Amino acid sequence: MNDADNSAPPSTLIEVARLAGVSPSTVSRILNGTAKVSDDKRLAVLAAIASTNFAPNPMAQGLKKGRSMTIGIVVQDISSPFFDETLRGVDDGLAGTGFASVIVSGHWNEEEETDRIRLLLARKVDGIILLSGRLSDAAVLRFSTQRPIVSTGRDLHTRNALGFKLDNEHGAMLAMRHLIELGHRRIAFVTGPRHNNDADERLAGYKRALHEADIALDPKLIVEGDFHEAGGLLAISHLFESQQQFTAIFAANDLSAYGVRLCLYRKGIRVPDDISLIGFDDLPGSSYTTPPLTTIRQPLYDMGRIATHALLRLINGETADSAIPPLELVVRETTRRVR
């Protein structure tokens with residue numbers, strides 16, 4: 001029978017050492033990269049590993065290096081499809097590394113985020129991925145003196161902290177330019193929540209695009225949402241109650257756009273025949289709305305995967321960069337030229 005038959009029980013480090021003719025400690029040090037041995041011994045150990053079912057125990061190896069082999073992940077809304085897609089990237093980024101994740105939620109609350117990070121540090125995680133949030137950059141940098149931190153929505157570049165920041169203002173301008181090129185001039189905007197950096201930057205992009213197109217800003221067309229479906233529905237309902245005239249709606253995220261779409265449906269308003277609609281995020285469900293939603297694509301999956309790889313490099317004492325794919329316009333079926 002082949003020694004490497006996958007049906008055989010896993011070999012132990014002692015068995016590998018006996019087959020290679022070395023001590024178990026030598027095998028362990030070769031696996032950890034700390035052994036100073038001859039090429040013959042190293043090749044013998046590698047050949048023994050290859051001919052058996054031996055697989056090093058990541059947790060045991062981690063403990064020897066003073067690691068827990070876990071990373072903490074702080075999300076803001078664990079039920080949001082926005083964070084689902086990013087977490088999928090994190091999960092794929094951890095595949096085959098031996099690391100496991102511990103996920104906690106900050107609920108867009110600075111005190112809760114602080115408590116959750118302290119909890120993760122108390123559990124001896126090897127590093128933390130912070131997905132957005134309300135913590136100041138200064139607070140993130142203080143925590144990074146204890147463990148490496150990679151955060152989305154920030155511009156950080158230190159030895160132990162790295163940020164990934166998308167250009168939300170530019171993304172909003174892409175959305176507005178698309179609508180303006182289609183002939184729209186009266187464009188309503190459903191914002192995100194107050195005191196949210198992403199929301200503020202998208203509002204700035206909305207205003208800047210109007211200015212560049214020499215279109216007068218009408219503050220009455222700006223209504224506050226909360227990045228959730230219900231908020232989008234209520235926001236656009238209030239706009240209709242104010243009897244404002246508009247031909248297009250830019251929702252600051254896809255979830256808000258879903259709520260806007262429901263309101264329009266209930267009022268018998270056709271999309272895009274009567275009113276065009278554009279979102280921001282490109283959540284997986286946006287391809288399956290009725291009609292499919294035109295939106296600005298954020299590289300959510302890529303952000304999760306790249307952030308994970310960057311954190312693992314920081315944990316290993318290596319440098320990491322924050323290069324991520326740019327935002328892009330995805331044209332589907334909710335926008336059309338003004339008749």
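Please read all numbers here as calculations on a predicted model, not as lab measurements. What you see below is based on every heavy atom in this structure, not just the backbone, and it leaves out hydrogens, waters and symmetry mates.
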Short side-chain donor-acceptor distance under 3.5 Å, Thr158 and Asn160: no
Residue list, ring-ring contact (aromatic ring centres under 6.0 Å, His included) with Phe246, at least two apart or on another chain: Phe240
Non-hydrogen atoms of Ser322 and Leu162 that approach each other most closely: CB-CD1, 4.1 Å
N/O donor-acceptor pair under 3.5 Å between Asp126 side chain and Ile71 backbone: no
Ion pair check, Glu113 and Arg116, cut-off under 4.0 Å: no
Carboxylate-amine/guanidinium proximity below 4.0 Å for Arg177 and Glu212: yes
Side-chain donor or acceptor of Tyr258 paired with backbone N/O of Leu233 under 3.5 Å: no
Val260 to Gly232 - nearest heavy-atom pair and separation: CG2-O, 3.6 Å
Worked check of side chain to side chain contact (heavy atoms under 4.5 Å, CB included) between His184 and Ser276: CA-CA 9 Å; His184 297 281; Ser276 288; 3.3 Å; yes
Heavy-atom check, side chain of Arg202 versus side chain of Asn253, under 4.5 Å: yes
Asp226 (side chain) donor-acceptor with Pro193 (main chain) under 3.5 angstrom: no
Summary of side chain to side chain donor-acceptor pair (under 3.5 Å) pairs that have at least one residue in residues 136-145, sequence neighbours excluded: Asp137-Arg154
Main-chain N/O of Leu283 paired with Asp254 side-chain donor or acceptor, under 3.5 Å: yes
Candidate pair Ile187 and Met176, rule side chain to side chain contact (heavy atoms under 4.5 Å, CB included), full reasoning: CA-CA 8 Å; Ile187 304 170; Met176 288 295 292; 3.7 Å; yes
Under 3.5 Å donor-acceptor, Thr70 side chain and Ser101 backbone: no
Joint cluster assignment, Leu135 & Leu156, ILVMFWY side-chain distance < 4.5 Å: yes
Arg185 vs Ile180, side chain to side chain contact (heavy atoms under 4.5 Å, CB included): CA-CA, chis, key distance, verdict: CA-CA 6 Å; Arg185 294 296 180 269; Ile180 292 169; 3.6 Å; yes
Backbone of Leu87 reached by a side-chain donor or acceptor of Asp91 within 3.5 Å: no
Side chain to side chain contact (heavy atoms under 4.5 Å, CB included) assessment of Gln76 paired with Ile78: CA-CA 6 Å; Gln76 301 308 317; Ile78 207 163; over 6 Å; no
Arg134 with Glu110: basic N within carboxylate O range, under 4.0 Å: no
Rounded distance [0.5 Å steps], OG1 in Thr191 versus CG in Asn196: 9.5 Å
Contact check, side chains of Phe280 and Asp198, non-hydrogen atoms, under 4.5 Å: no
Polar contact flag, side-chain donor to acceptor under 3.5 angstrom, His178-Thr294: no
Whether Trp108 and Phe83 hold their rings parallel, tilted or perpendicular, with breakpoints at 30° and 60°: tilted
Taking every non-hydrogen atom, the tightest pair across Leu293 and Thr289: N-OG1, 3.1 Å
Non-hydrogen atoms of Ala310 and Asp321 that approach each other most closely: CB-O, 4.3 Å
Residue pairs involving residues 281-302 (criterion salt bridge (Lys or Arg N to Asp or Glu O under 4.0 Å); sequence neighbours excluded): Asp282-Arg297, Asp282-Arg332, Arg297-Glu328, Asp302-Arg305
